[in-house]
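Data block below; observations after.
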There are 2 protein chains.
Amino acid sequence: MNNDNELLVDKDFKIETAEIITVGTEILLGQVLNSNAQYLARKLSNLGINCYFQQSVGDNEIRLIETLKLALSRADLVIITGGLGPTADDISLEVASKLTNNKLVISESELEKLNYYLESNGIIDIDNKNLNYKQVYVPEESIILPNDKGTAPGVIMKNKNADLAAGANNLIMLLPGPPKENTFMFENYAEKFIKEHSEYDIENVYLRAFGLSESVAFLALEDISTKQNPSVATYVFPDELVIRVSYKHKRTSDLQELYDTVKIVESRLGNYIFSKDSYNLVETVFNKLMENKQTIAFAESCTAGLASSKIADISGASEVLLGGMVTYNNDIKVRMLGIPESLIAEHGAVSNEAALAMSTNAKLRFNSDFGIAITGNAGPNPSEGKEVGLVYIAISSRHKDIVEEFKFTGDRQKIRNKACQSAYYLLLKSFLED
Amino acid sequence: MNNDNELLVDKDFKIETAEIITVGTEILLGQVLNSNAQYLARKLSNLGINCYFQQSVGDNEIRLIETLKLALSRADLVIITGGLGPTADDISLEVASKLTNNKLVISESELEKLNYYLESNGIIDIDNKNLNYKQVYVPEESIILPNDKGTAPGVIMKNKNADLAAGANNLIMLLPGPPKENTFMFENYAEKFIKEHSEYDIENVYLRAFGLSESVAFLALEDISTKQNPSVATYVFPDELVIRVSYKHKRTSDLQELYDTVKIVESRLGNYIFSKDSYNLVETVFNKLMENKQTIAFAESCTAGLASSKIADISGASEVLLGGMVTYNNDIKVRMLGIPESLIAEHGAVSNEAALAMSTNAKLRFNSDFGIAITGNAGPNPSEGKEVGLVYIAISSRHKDIVEEFKFTGDRQKIRNKACQSAYYLLLKSFLED
């Protein structure tokens, strides 16, 4: 076996089609979600490889052979995930090697690695009886994909059984089943190999938008969405809408067409787009606060600490987050945050006036640059005459105060989450206007 | 067509094996996670039906036929999900009907439903040109599964093409692709049909545990975990460990064996198990507080409002949650919560002493029955000489104060979440000890 691609596969061999086989009885029983299939499918699609089928099968020799035969009859590259582990029901490599006339031999380097692993874990095993020893056997002619997150290595080998695919010399890649191992191995070792043997590349730009509905985005981008390349697609996430502009191109060509399409999207939906990089909304706000050396404090009613908690997920949050007050109860708003009883009596706790008083007092009491207040009715029933989903959000800065009324839909969790995200978006806007 | 099972399928016809085909180019491109396959696999497994294969295929006639032929050659029931919609690339029903010699005819009841739907949505369509009209065609002899969450009905029909499955008369079930429609239709219409034509039933008991590692559970249950029936399996979730005791039985038999196994689990791990019903940990605490008519208030440092926010997700939280204080900054702990500066100087903000002062002051200032305090270092770096993951949680009630030290592992998000869950668990324990 060797680690040199050229010895195994002719340089001119191109992978046009691939098929994913996920192996594991736990998939057939529905005990786990088949996230490997989605991950690999997306990766392959991004590499410009066509996938027409996916198959799942249990840890069973006869059925795995049936599945693999079928895949080898119709794809240039068959990726098998799962069944590489040390136990008796991990049979993927043995079955695939036998079927494709590949002989398993001991890999000296994998043996060395395993011995080191066992030793450093204090496992003494003179007779090599440890189940893991099974994993040092690899096909004689193959490329080994190191497993940096586990013990079972991955393998790329040729199909040498001419009866199966009419001498097409297609390839089998075996990857481990645990998603962490699978993802790491693909990203660090397998992807490079596939790239070297495929003609196309896909470049994506992700534009992250807030407060934009899918239907509005659809209408704004209808004309460019029907184009095949660059393609424009929108994805709805709980906290944002992502517009992906995707460009399939030969590796040598330039990306002008991609950038032109991105510009069109920005010109039409620019005021919703908060990020063209990998930062989400809260991270974008955090970066801005760090840049400006500014601090924030919260006064939260219906969100009950969810808003302050979100920014605390970011490492270094203590530089910008001073604290917050959860005033779930009206009496607490008066007693702990100093909201005048008369104000609540006149306007209600869910009002422009209450939100502004909360943000002002949060800013003053915590002595922060910004006070952020959220008060509303998260449901499920109208309360104090205020409808479900009605939320007021106020931002007080050193210079000015802003307040906005929102009407959110959905269950409690959705309303509370939308309120928090809107508060961060409002904060971001208030920087831009400052 | 009709809605009477007996007319379509002989009463004695038993479904022993099933195969799931998920149809949709978006699956092959990795744009969506194939959650329908997992859902249906788990459901079928719980109904005692064997599934040996799953297949995914795009919206393509030739490839769908290839996939369906293969499935019909080896399963009593083939479930196809996706491709039932109104657009041109929704071809599942047409392709499956043609292949299995089923003739499509207009369903008067579906036509009526669709007309009503269009009318009530203000769509006037004299020529029946609306794309949705495609969906009123169903196989002449079939069972219609109503779609209460969308417009495309589901269908159960017989395979009448003897060339395909040697006269086995197997069945095809078509379900819509959107997970909400799929799940609702299966649960409310399809499951009943399958139950009537399968011999077994599976009864599950779920025991929810907190603070229990998978390896401890494994060792405690090793002997009963190797049994086939009732089977015992553990599932790790971010917030809890669930032990499932599952019993496959003929519908007439009693469940004594199941209850005996549940008792064994309880006798061995009882002090970790907080619920045998559908309530999670926070809901269990909420129910207890409601029952006792008691109130709570939080003082949070590293969790920054996440703990108070969790109980506010439950409708009716205002009955028990008064409020909370997020004291992310030491100066805020002193100024806003009245923690003595000298205490922090002597013991640090991450200490037994600070946690106790925080829970006591939260209880007193909010005038609640319980004060709950969380202070710790969520990482990524040691701070004030306290290691990452070190968290102190204190509960002050009217009668007593308790405080516990925890060492959590994981990233910031994990440490903060574990701290919140541990706080709720500690609160639950303090009721039981009260």
Side-chain angles (χ1 to χ4, degrees), chain A residues 27-35 37-45 51-58 60 63 67 70 233 235 297-298 300 302-309 311-315 317-318 321-329 331-332 336 365-366 378-380 412-413 416, chain B residues 27-35 37-45 51-58 60 63 67 70 233 235 297-298 300 302-309 311-315 317-318 321-329 331-332 336 365-366 378-380 412-413 416:
Chain A
I27 294 167
L28 296 183
L29 294 176
Q31 290 169 349
V32 299
L33 198 55
N34 195 350
S35 61
Q38 188 198 12
Y39 169 79
L40 293 170
R42 190 162 39 190
K43 278 288 182 180
L44 291 167
S45 153
C51 292
Y52 298 122
F53 302 93
Q54 293 174 5
Q55 298 187 79
S56 298
V57 64
N60 173 286
R63 290 191 282 267
T67 305
L70 181 61
Y235 300 92
F298 289 85
E300 300 183 57
C302 62
T303 50
L306 186 61
S308 60
S309 147
I311 202 164
D313 253 348
I314 303 169
S315 147
S318 56
L321 174 64
L322 296 184
M325 188 80 90
V326 176
T327 56
Y328 212 66
N329 180 289
D331 175 50
I332 299 294
M336 302 282 288
R365 292 190 172 212
F366 286 91
R412 279 179 76 78
Q413 219 174 337
R416 295 176 62 238
Chain B
I27 294 167
L28 297 182
L29 294 177
Q31 289 168 349
V32 299
L33 199 53
N34 194 347
S35 61
Q38 188 197 12
Y39 170 80
L40 293 170
R42 192 162 39 192
K43 278 288 181 182
L44 291 167
S45 154
C51 293
Y52 298 122
F53 302 94
Q54 292 174 6
Q55 298 185 80
S56 299
V57 66
N60 173 287
R63 290 191 282 267
T67 305
L70 180 61
Y235 300 91
F298 289 84
E300 300 183 56
C302 62
T303 51
L306 186 60
S308 59
S309 146
I311 202 163
D313 253 347
I314 304 169
S315 147
S318 56
L321 174 65
L322 296 185
M325 188 80 90
V326 176
T327 56
Y328 211 67
N329 180 290
D331 175 51
I332 299 294
M336 302 282 287
R365 294 190 171 210
F366 285 91
R412 280 179 76 81
Q413 217 173 339
R416 296 175 63 237

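Worth saying up front: this structure is predicted, and the values here are computed from it rather than measured. To find a chain, count down the sequence lines: A is the first, B the second, and so on, and within it residues start at 1. Computed from heavy atoms alone, side chains included, the values below leave out hydrogens, waters and symmetry copies.
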Could you tell me which of [options] has the largest number of non-hydrogen atom pairs under 4.5 Å with chain A?
{"options": "B/C51, B/G324, B/S35, B/A41", "value": "B/G324"}
{"options": "B/T327, B/L321, B/N34", "value": "B/L321"}
{"options": "B/K43, B/Q413, B/E300", "value": "B/Q413"}
{"options": "B/A307, B/G379, B/A37, B/A312", "value": "B/A312"}

Atom group of [X] that falls short of 4.5 Å from chain A, counting heavy atoms:
{"X": "B/T303", "value": "backbone"}
{"X": "B/M336", "value": "side chain"}
{"X": "B/I332", "value": "side chain"}
{"X": "B/A317", "value": "both"}
{"X": "B/S318", "value": "both"}
{"X": "B/I311", "value": "neither"}

- [ ] Indicate yes or no: at least one non-hydrogen side-chain atom of B/S309 is less than 4.5 angstrom from one of A/R416.
- [x] yes

- [ ] Check whether any side-chain heavy atom of B/Q54 lies under 4.5 Å from a side-chain heavy atom of A/Q55, and answer yes or no.
- [x] no

- [ ] Not counting sequence neighbours, which residues clear side-chain contact (heavy atoms from CB on, under 4.5 Å) with A/F53? List them please.
- [x] A/E19, A/R74, B/V57, B/R63, B/E66, B/T67

- [ ] Identify, with sequence neighbours excluded, every residue that meets side-chain contact (heavy atoms from CB on, under 4.5 Å) alongside B/A297.
- [x] B/F366, B/S368

- [ ] Assess whether side-chain contact (heavy atoms from CB on, under 4.5 Å) is satisfied between A/R42 and B/Q31, documenting all intermediate values.
- [x] CA-CA 7 Å; A/R42 190 162 39 190; B/Q31 289 168 349; over 6 Å; no

- [ ] Pick one of side chain, backbone, both or neither for A/S315, based on which atoms fall under 4.5 Å of a heavy atom in chain B.
- [x] both

Task: Part of A/I27 within contact of chain B (heavy atom distance under 4.5 Å) - done: both

